Amino acid sequence: MSDITIYHNPACGTSRNVLALIRNSGEEPTVIEYLKTPPDRATLVGLIQAMGMPVRDVLRQKGTPYDELGLGEPKWTDEQLIDFMLQHPILINRPIVVTPLGARLCRPSEAVLDILPQPQQAAFSKEDGEAVIDSKGNRIGKL
């Protein structure tokens, strides 16, 4: 079993790219399709703390009930925002990856490279064709 876990949405291109980058490092992660198996409160709070992000930064707006629920209003506490994420898991931004090197919301998908314990093993391009890893396993472009 891997010490890498991805909170994954297979309908999300960024999430699919992150999963492919993890696999390109030779690891087979534990894949949690969080829309089918949402985290409980303790797990979600632990992930947010491990990522060191404000709760609001973990909220997804696009394609969610964010606007209908008025979640952009400052009146909501972190606890209330977490309640909304537990009631509507689509509000949890993705993908979240946990490795022995840390936890991260991997947007853009290349962010996962900073927390993978093993190097990339082969060239890799995102689904849109953007090259991310060269044939020697080195990151292309921005660091």
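Start at 1 with the first residue, then count along the sequence. It should be emphasised that the depicted structure is a prediction, and the values quoted were computed from it without experimental measurement.
Residues Leu101 and Ile4 are members of one and the same hydrophobic cluster, defined by side-chain heavy-atom contacts under 4.5 angstrom among Ile, Leu, Val, Met, Phe, Trp and Tyr. The cluster map of Ile, Leu, Val, Met, Phe, Trp and Tyr, joined by side-chain heavy atoms under 4.5 Å apart, puts Leu19 and Val132 in the same cluster. The cluster map of Ile, Leu, Val, Met, Phe, Trp and Tyr, joined by side-chain heavy atoms under 4.5 Å apart, puts Leu35 and Met85 in the same cluster. Hydrophobic cluster membership differs between Val112 and Ile32, with clusters built from Ile, Leu, Val, Met, Phe, Trp and Tyr side chains linked at under 4.5 angstrom. Ile6 and Leu105 are members of different hydrophobic clusters when ILVMFWY side chains are connected at heavy-atom separations under 4.5 Å.
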| request: Might you work through the side-chain contact (heavy atoms from CB on, under 4.5 Å) test for Ser25 and Gln121, ending with a clear yes or no? | output: CA-CA 5 Å; Ser25 76; Gln121 297 183 345; 5.6 Å; no
| task | Starting from the C-alpha separation in whole Å, work towards a yes-or-no answer on side-chain contact (heavy atoms from CB on, under 4.5 Å) for Arg107 and Cys12. | result | CA-CA 11 Å; Arg107 298 190 78 80; Cys12 171; 3.9 Å; yes
| request: May I have the step-by-step check of side-chain contact (heavy atoms from CB on, under 4.5 Å) for Thr43 and Tyr7, ending in yes or no? | output: CA-CA 11 Å; Thr43 301; Tyr7 290 83; 3.6 Å; yes
Acceptor/donor pairs from residues 91-98 side chains to any protein atom, 3.5 angstrom cut, sequence neighbours excluded:
none

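Partners of Lys62 according to the salt bridge (Lys or Arg N to Asp or Glu O under 4.0 Å) rule, which considers only residues two or more places apart in sequence or in another chain, do not exist here. Qualifying salt bridge (Lys or Arg N to Asp or Glu O under 4.0 Å) partners for Lys136, counting only residues two or more places apart in sequence or in other chains: none. Here Tyr34 pairs with nothing under the ring pair (Phe, Tyr, Trp, His ring centres under 6.0 Å) rule; sequence neighbours left out. Qualifying side chain to side chain donor-acceptor pair (under 3.5 Å) partners for Asn24, counting only residues two or more places apart in sequence or in other chains: Gln120. Annotation: side chain to side chain donor-acceptor pair (under 3.5 Å) contacts of Asp67 (sequence neighbours excluded): none. For Glu33, the side chain to side chain donor-acceptor pair (under 3.5 Å) partners at least two apart in sequence or on another chain are Lys36. The salt bridge (Lys or Arg N to Asp or Glu O under 4.0 Å) test applied to Arg23 returns Glu28, not counting sequence neighbours. With sequence neighbours excluded, the residues that form a salt bridge (Lys or Arg N to Asp or Glu O under 4.0 Å) with Arg104 are Asp114.
Pairs passing the side chain to side chain donor-acceptor pair (under 3.5 Å) check and including a residue from residues 10-19, sequence neighbours excluded, read His8-Ser15, Arg16-Glu127. Applying the ring-ring contact (aromatic ring centres under 6.0 Å, His included) test to every pair with at least one member in residues 76-103, sequence neighbours left out, gives these pairs: Trp76-Phe84. Sorted by first and then second residue, the salt bridge (Lys or Arg N to Asp or Glu O under 4.0 Å) pairs involving residues 46-61 (not counting sequence neighbours) form an empty list.
A 4.5 Å side-chain heavy-atom check between Val55 and Val45 finds every atom pair outside the cut-off. Contact annotation: the side chain of Thr64 never approaches that of Leu71 to less than 4.5 Å [non-hydrogen atoms, C-beta and beyond]. Taking 4.5 Å as the limit, every side-chain heavy atom of Ile133 sits out of range of all side-chain heavy atoms of Ile140. Looking only at side-chain heavy atoms (C-beta outward), Ile82 and Leu44 come within less than 4.5 Å of each other. Side chains of Pro54 and Asp78 form no contact here, defined as non-hydrogen atoms less than 4.5 Å apart.
Checked by atom type and distance alone, the side chain of Gln49 never pairs as donor or acceptor with a backbone atom of Gly46 at under 3.5 Å.
Interatomic distance, CZ of Phe124 versus CZ of Arg139, reported as 12.5 Å (0.5 Å rounding).
Between Pro117 and Pro100, the shortest heavy-atom contact is CG-CD, 4.0 Å.
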